[in-house]
Amino acid sequence: MTPSWRKPVGMLAILVLIGVWCLLVVSLSRFVGGWHPLLQAAFYLIAGIAWIWILPMRRMLAWMETGKFR
């Protein structure tokens, strides 16, 4: 049984995706810093959890395991 190349490639893609997303969110901190603290908390909660983990990672992990995005 040979190891799949999809897992290391998928892990690197996940790390790159997280890094790019962090840079984008950090670049918005200049604007978000002037908001009310509760709005800031909501923004960072949504930006940190919903986008990175729920939306693209589900398909990426499925591809790493099966080779299909569905």
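The shown structure was predicted, so the numbers you read here are calculated from the model rather than taken from an experiment.
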Exercise for review: Please lay out, stage by stage, how F43 and S29 fare under the test side-chain contact (heavy atoms from CB on, under 4.5 Å).
Suggested key: CA-CA 10 Å; F43 172 78; S29 67; over 6 Å; no
Show the atom names and distances, to 0.1 Å, of all donor-acceptor pairs under 3.5 Å that link a side chain in residues 32-40 to residues at least two apart or in another chain.
| from | atom 1 | to | atom 2 | distance (Å) |
| --- | --- | --- | --- | --- |
| W35 | NE1 | F31 | O | 3.4 |
| H36 | ND1 | L38 | N | 3.1 |
| Q40 | NE2 | V32 | O | 3.4 |
| Q40 | NE2 | G33 | O | 3.2 |
| Q40 | NE2 | W35 | O | 2.8 |

Exercise for review: Output, in order, the C-alpha distance, side-chain angles, deciding distance and verdict of side-chain contact (heavy atoms from CB on, under 4.5 Å) for M60 and L17.
Suggested key: CA-CA 11 Å; M60 179 66 77; L17 182 62; 5.7 Å; no
Practice item. With sequence neighbours left out, write down each residue that passes side-chain contact (heavy atoms from CB on, under 4.5 Å) with V9, or none if nothing qualifies. Key: W5, W63
**Study point:** Residue pairs, two or more places apart or on separate chains, that pass salt bridge (Lys or Arg N to Asp or Glu O under 4.0 Å) and touch residues 4-15
**Key:** K7-E65
Review point. Which hydrophobic side chains are connected to V16, either touching it within the sub-4.5 Å cutoff or through other members that do?
Key: V20
**Study point:** Residue of the set V25, L24, I18 for which side-chain contact (heavy atoms from CB on, under 4.5 Å) holds with C22
**Key:** I18
Point to revise | Linked hydrophobic residues, V26 as query - side chain contacts closer than 4.5 Å | key: none
